[in-house]
Student: 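Let me begin by handing over the structure; questions about it come next.
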Amino acid sequence: MTDFTEEELALDPKFADQFERGFRPPCQLYLISPPAIDAAFADSLAAAFDGGKVAAFQLRLKGMDDHAIAQAAEPLQRLCADREVAFIVNDSIALAKRIGADGVHLGQSDGDPREARRILGPAVQIGVTCHDSRHLAMEAGEAGADYVAFGAFYPTTTKETLHRPEPSILGWWTTLFELPCVAIGGITAANAAPLVAAGADFLAVSGAVWNHADGPRAGVAAFSPVLAGKG
Ligand SMILES: Cc1ncc(COP(=O)(O)OP(=O)(O)O)c(N)n1
Ligand SMILES: Cc1ncsc1CCOP(=O)(O)O
Ligand SMILES: [Mg+2]
């Protein structure tokens, strides 16, 4: 598998009608924290959860050490448990283990998914960043990831990004694989429809919720129609 080029791995459109996508649950929201938070953030998170169903919350605090993140995580993890939202730690397998997170999200330089599985066990969700690469996604799947993440689909100020996949990568993935895929990067309620239509299992969103003019509750609520395919 590792010997194929991206072009060779692309599903030839002339064969597309020979593949039928199996049943997949409706697309869900995967909320990512702002890059920095304050002591009142738990209230904002609760407000976001009041806006509609959130499947997962990722604590993504760049540039903070694990000890400080563990402290910040405590009330947020409790809130997620109360609201039945999966609590995902970004970047650190060790931190996910230490605080008993429901999952860890690993970028291409954040650690090996097989090692994560060995350390965290079978019940913990492991997600892997795959940028715009079919090849990386299949590698992640083979390594035992629970989801693959493609992005950035749109321009974003939350993170400097180098890759810009087409929505069709989501359709390619979901036609061939059962493993869930996450779409990320600059996603708003206004631009999400093509990603949902293409087959995204989850929309990972930060700025559109935390920077919503009417607050995080409205930010989450705004996604309801598009997630239901009515965007
Ligand atoms: C769901 C999801 N997808 C992608 C990323 C990006 O991960 P990474 O490439 O490691 O970049 P950082 O987020 O660590 O800056 C993610 N965090 N979550
Ligand atoms: C973490 C990450 N990885 C790729 S784009 C991105 C930022 C997502 O945040 P936003 O929804 O504000 O673009
Ligand atoms: Mg990372």
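Both backbone and side-chain heavy atoms feed into the values below; hydrogens, waters and symmetry mates do not. In listed order, ligands and their atoms are each counted from 1.
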Student: For Phe41 and Trp210, I'd like to know if the aromatic rings sit close, meaning centre-to-centre distance below 6.0 Å.
Tutor: yes
Student: For atom 14 (O) of ligand 1, tell me which residue out of His163, Lys62, Arg60, Glu160 has the closest non-hydrogen atom.
Tutor: Lys62
Student: For the aromatic rings, using the six-membered ring if either is Trp, is the centroid distance between His105 and Tyr147 under 6.0 Å?
Tutor: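 Aromatic pair counts; centres sit under 6.0 Å.
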Student: Suppose the cut-off is 2.8 Å; which protein N/O/S atoms would you list for the Mg ion (ligand 3)?
Tutor: Asp91 OD1, Asp110 OD2
Student: Please check: side-chain N/O of Thr129 versus main-chain N/O of Gln108, any donor-acceptor pairing under 3.5 Å?
Tutor: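 Not at all, since once roles are kept as given, no pair shorter than 3.5 Å links the two residues.
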Student: Using modelled atom types and a 3.5 Å cut-off, is there a donor and acceptor pairing between side-chain atoms of Thr188 and backbone atoms of Ala190?
Tutor: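 Side chain of Thr188 to backbone of Ala190, a donor-acceptor pair under 3.5 Å: yes, one is there.
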Student: Which atoms of ligand 1 sit under 4.0 Å from any heavy atom of Gln58?
Tutor: 1 (C), 2 (C), 16 (C), 17 (N), 18 (N)
Student: Which atoms of ligand 1 have any heavy atom of Thr129 under 4.0 Å away?
Tutor: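 Numbered from 1, ligand 1 contributes 4 (C), 5 (C), 6 (C), 7 (O), 8 (P), 9 (O).
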Student: For the backbone of Leu179 and the side chain of Trp173, can you confirm whether one donor and one acceptor N or O come within less than 3.5 Å of each other?
Tutor: yes
Student: Quick one: which of His105, Gln108, Lys159 has a heavy atom closest to atom 5 (C) of ligand 1?
Tutor: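 When every heavy atom of His105, Gln108, Lys159 is considered, His105 comes closest to atom 5 (C) of ligand 1.
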Student: Is a side-chain donor or acceptor of Asp201 paired with a backbone partner of Cys181 at a separation under 3.5 angstrom?
Tutor: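 Pair found, side chain donor or acceptor close to backbone of Cys181.
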Student: Should you measure from each heavy atom of Asp91, which atoms of ligand 1 turn up under 4.0 Å away?
Tutor: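 Per the distance check, 10 (O), 14 (O).
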Student: Looking at Gln58 and Leu31, would you say the former's side chain and the latter's main chain have a donor-acceptor pair under 3.5 Å?
Tutor: no
Student: So, Asn90 side chain and Leu59 main chain: donor-acceptor pair closer than 3.5 Å or not?
Tutor: no
Student: With no hydrogens and no angle check, do the side chains of Arg164 and His131 hold a donor and an acceptor under 3.5 Å apart?
Tutor: no
Student: What residue and atom, counting heavy atoms only, is the protein's closest point to atom 10 (O) of ligand 1, and at what distance?
Tutor: Asp110 OD2, 2.9 Å
Student: I'd like the residue list for ligand 2, meaning every protein residue with a non-hydrogen atom under 4.0 Å from the ligand.
Tutor: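 Under the 4.0 Å cut-off, ligand 2 touches Arg60, Ala152, Thr156, Thr158, Lys159, Thr161, Ile184, Gly185, Gly186, Val205, Ser206, Gly207.
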Student: Is the shortest distance from a Lys or Arg side-chain nitrogen in Lys97 or Asp66 to a carboxylate oxygen in the other one below 4.0 Å?
Tutor: no
Student: Within ligand 1, which atoms have a heavy atom of Ala149 less than 4.0 Å away?
Tutor: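 Taking each heavy atom of Ala149 in turn, ligand 1 has 3 (N) under 4.0 Å.
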Student: Using 4.0 Å as the upper bound for N to carboxylate O, is an ion pair formed by Arg117 and Asp112?
Tutor: no
Student: Output yes when a side-chain donor or acceptor of Thr161 lies under 3.5 Å from a complementary backbone atom of Ala152, and no otherwise.
Tutor: no
